[in-house]
Amino acid sequence: MPYVKLTTESELPGDGEAKEFEFGDKVICVANVNGTITAMDNVCLHMGGPLGQGYIEGDKIVCPWHGWEYDLKTGAMGDDPKSKVPVYPVKTENGDVLIEI
Ligand code: FES
């Protein structure tokens with residue numbers, strides 16, 4: 001899969017924060033934990049809550065609607081790790097942030 005530009009480094013969320021980015025017909029949730037940037041689908045498996053509007057707890061993102069939690073690196077759900085939100089590899093290049101999607 002090719003890496004494609006999602007945003008620029010200057011637009012990334014601050015440490016301990018998540019942010020939503022539109023990408024074609026999708027929305028991607030990008031999170032920053034101690035400078036480690038991760039990207040996952042923005043759609044909660046419960047009722048479609050916007051994960052990028054949630055908050056970060058440790059290495060997890062917590063859905064703002066009813067508190068389901070997902071591992072930022074693997075997308076695995078806290079209570080049922082077999083259920084996963086798709087995650088996308090991220091890299092930065094010349095100030096751009098690219099995801100493999
Ligand atoms: S929609 Fe995410 S926890 Fe309910």
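Order of appearance sets the numbers: ligands from 1, and atoms from 1 within every ligand. Please read these numbers as outputs of a predicted model, since none were measured by experiment. Below, all heavy atoms of this structure are taken into account, side chains as well, without hydrogens, waters or symmetry copies.
- Between Glu17 and Asn32, the side chains place no donor N or O within less than 3.5 Å of an acceptor N or O (distance only, hydrogens not considered).
- At most 12 non-hydrogen atoms from other residues, nucleotides or ligands lie less than 6.0 angstrom from CD of Glu22.
- The distance from atom CG of Asp96 to atom CD of Glu9, rounded to the nearest 0.5 Å, is 8.0 Å.
- Residue pairs meeting the salt bridge (Lys or Arg N to Asp or Glu O under 4.0 Å) criterion with at least one member in residues 70-80, sequence neighbours excluded, do not occur.
- Tracing side-chain contacts under 4.5 Å through hydrophobic residues (I, L, V, M, F, W, Y), one never reaches Val87 starting from Phe21; they form parts of separate clusters.
- Shown here are the protein N/O/S atoms lying under 2.8 Å from atom 2 (Fe) of ligand 1, water excluded: Cys44 SG, Cys63 SG.
- Using a 4.5 Å cut-off on side-chain heavy atoms (C-beta onward), Leu6 and Val4 make no contact.
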